Visitor: 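The following block contains the structure, expressed as structure tokens.
In this text the structure is predicted, and so the values were computed from the model without any measurement.
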Amino acid sequence: KKSKLSTEIKVIIPFLITGVVGLTAPILLGGGHELIMSLDKSSMTLKMLLLFLLVKYLLTFVGFGSGVPGGIFFPLLVLGALIGNIFGIVAVNVFDIPSIYILNFIILAMAGNFAAIVKAPITGIILICEMTGSFDHLLSLAIVCIVAYVTSDLFKSEPIYESLLERCLQSGNDKFESNSSRKSLMEVAIHLGCEIEHKKIKDVKWPENCLIVSITRGGKEIIPSGDTTLLGGDYLTIMADEENSACALDYVTDLTSNIKLL
């Protein structure tokens, strides 16, 4: 079903929500790079992290769903980082794990969340290695990304970008149509003894929507007319509709290279 909200309303809603979030917690705005970098140094409580996770989740998909310019690539990493921080705090309090490993949970959760949603585990591994600037977590990243990928497959989760593209195509709002007004230029050589040699341009049956733009003969360019005689060795510059250019080229090539039988 198509939404009954106008485009103006769809833009105003995320604008107002973003304004409120910007006044109360500006660190949640933007891609989230500052938030990720601050997780290791800050002493946020578990309740604050849960609140940040909820707000960032809603803000990301309200903004993206409104159709305003934006993205979900980096916010996916932010959500993963928040989840990893939450899991790390719980693990420290419940299993008495040293708090120094919370950073590891943040890094691994970012990669796992990305691999499960985008369904690109290798990209997730390389991306996180590049962000951290270290290969120390390479093995653990590979294990987490593969497990996340397999888990999302078991739950029949579709890759998010493919799903979004399919919805756009099904909605009918984005139709890909060729522009028949666009033209293509082609250059074809007239072979000696071909079918159209020594014929006038007006006497040759050319493809539909095809125009002889110029003739190059002996290094000189000739502006053709219907009475221009075609000679072997001429180079024809032909203009045709872009969508029919391939067929026109095949047809003209047959005319210029077909040796007459004696």
Visitor: Is it the case that atom CD1 in Ile122 sees more than 12 heavy atoms from other parts of the structure closer than 6.0 Å?
Guide: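 No.
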Visitor: Could you state the interatomic distance from CG (Asp254) to CD1 (Ile196), rounded to the nearest 0.5 Å?
Guide: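 One gets 11.0 Å once the value is rounded to the nearest 0.5 Å.
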Visitor: Applying the side-chain contact (heavy atoms from CB on, under 4.5 Å) criterion to Leu230, which one of Leu255, Ile215, Thr256 satisfies it?
Guide: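 Of all the options given, the one that passes is Ile215.
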Visitor: Over all heavy atoms of both residues, which pair between Ile190 and Cys194 is shortest? Give the atoms and the distance, please.
Guide: CG2-SG, 3.4 Å
Visitor: Where do Ala240 and Ala248 come nearest, in terms of heavy atoms and distance?
Guide: CB-CB, 4.1 Å
Visitor: Can you measure from NZ (Lys205) to SG (Cys210) and round to the nearest 0.5 angstrom?
Guide: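 Between atom NZ of Lys205 and atom SG of Cys210 there are 13.5 Å.
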Visitor: Using side-chain contact (heavy atoms from CB on, under 4.5 Å), reason through Leu82 and Leu39 one step at a time and then give a plain yes or no.
Guide: CA-CA 8 Å; Leu82 290 171; Leu39 290 178; 4.1 Å; yes
Visitor: Work out which heavy atom in Ala115 is nearest to a heavy atom in Pro121; give both atom names and the distance.
Guide: CB-CA, 3.9 Å
Visitor: Identify, with sequence neighbours excluded, every residue that meets ring pair (Phe, Tyr, Trp, His ring centres under 6.0 Å) alongside Tyr101.
Guide: none
Visitor: Please evaluate residues Leu29 and Leu59 with respect to the criterion side-chain contact (heavy atoms from CB on, under 4.5 Å), reporting the C-alpha separation (whole Å), side-chain torsions for both, the decisive distance (0.1 Å), and the verdict.
Guide: CA-CA 9 Å; Leu29 298 182; Leu59 181 63; 3.9 Å; yes
Visitor: Closest heavy-atom contact between Pro224 and Ser214?
Guide: CD-CA, 3.6 Å
Visitor: Please list, chain by chain and in numerical order, all residues satisfying side chain to side chain donor-acceptor pair (under 3.5 Å) with Asp136, sequence neighbours excluded.
Guide: Ser134
Visitor: Look only at the side chain of Lys119 and the backbone of Ser157, and say whether a donor-acceptor pair between them is shorter than 3.5 Å.
Guide: yes
Visitor: Heavy-atom count check: over 12 atoms from other residues, nucleotides or ligands less than 6.0 Å from Asp250 CG?
Guide: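 More than 12 heavy atoms, drawn from other residues, nucleotides or ligands, come within 6.0 Å of this atom.
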Visitor: Kindly indicate, with the supporting measurements, whether the criterion side-chain contact (heavy atoms from CB on, under 4.5 Å) is fulfilled by Val252 and Met186.
Guide: CA-CA 10 Å; Val252 174; Met186 303 168 288; over 6 Å; no
Visitor: Using atom types as modelled and distance alone, determine if a side-chain donor or acceptor of Asn113 lies under 3.5 Å from a backbone N or O of Ala81.
Guide: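 No, Asn113 side chain to Ala81 backbone: no donor-acceptor pair under 3.5 Å.
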Visitor: Quick one: side chain to side chain donor-acceptor pair (under 3.5 Å) partners of Lys202, sequence neighbours excluded?
Guide: Asp227
Visitor: Supply the atom-to-atom distance Asp203 CG to Ile201 CD1, rounded to the nearest 0.5 angstrom.
Guide: 10.0 Å
Visitor: To the closest 0.5 Å, what do you measure between CG (Leu138) and CD1 (Ile143)?
Guide: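 These two atoms lie 10.0 Å from each other.
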Visitor: Check the pair Ile128 / Leu77 against side-chain contact (heavy atoms from CB on, under 4.5 Å), numbers first and verdict last.
Guide: CA-CA 9 Å; Ile128 303 303; Leu77 299 179; 4.3 Å; yes
Visitor: Nearest 0.5 angstrom please: Leu108 CG to Leu141 CG, how far?
Guide: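 Here the interatomic distance stands at 5.5 Å.
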Visitor: Got more than 12 heavy atoms from elsewhere within 6.0 Å of CD1, Ile100?
Guide: no
Visitor: Do Thr123 and Val118 have side-chain heavy atoms sitting under 4.5 Å apart?
Guide: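 Not touching, per the 4.5 Å side-chain cut-off.
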Visitor: Within this structure, what is the CD-CZ distance for the pair Glu130 and Phe135, rounded to the nearest 0.5 Å?
Guide: 9.5 Å
Visitor: Look at atom CE of Met48 and say whether more than 12 heavy atoms of other residues, nucleotides or ligands are closer to it than 6.0 Å.
Guide: no
Visitor: Taking Leu103 as the starting point, is it possible to reach Phe95 by hopping between hydrophobic residues whose side chains are less than 4.5 Å apart?
Guide: yes
Visitor: Might you point out which heavy atoms bring Leu49 and Ile89 nearest each other, and give the distance in Å?
Guide: CD1-CD1, 3.3 Å
Visitor: Transitively linked via ILVMFWY side-chain contacts under 4.5 Å: Ile17 with Leu54?
Guide: yes
Visitor: Looking at every non-hydrogen atom in both residues, tell me the closest pair between Ala120 and Phe114 and how far apart they are.
Guide: O-CE2, 3.8 Å
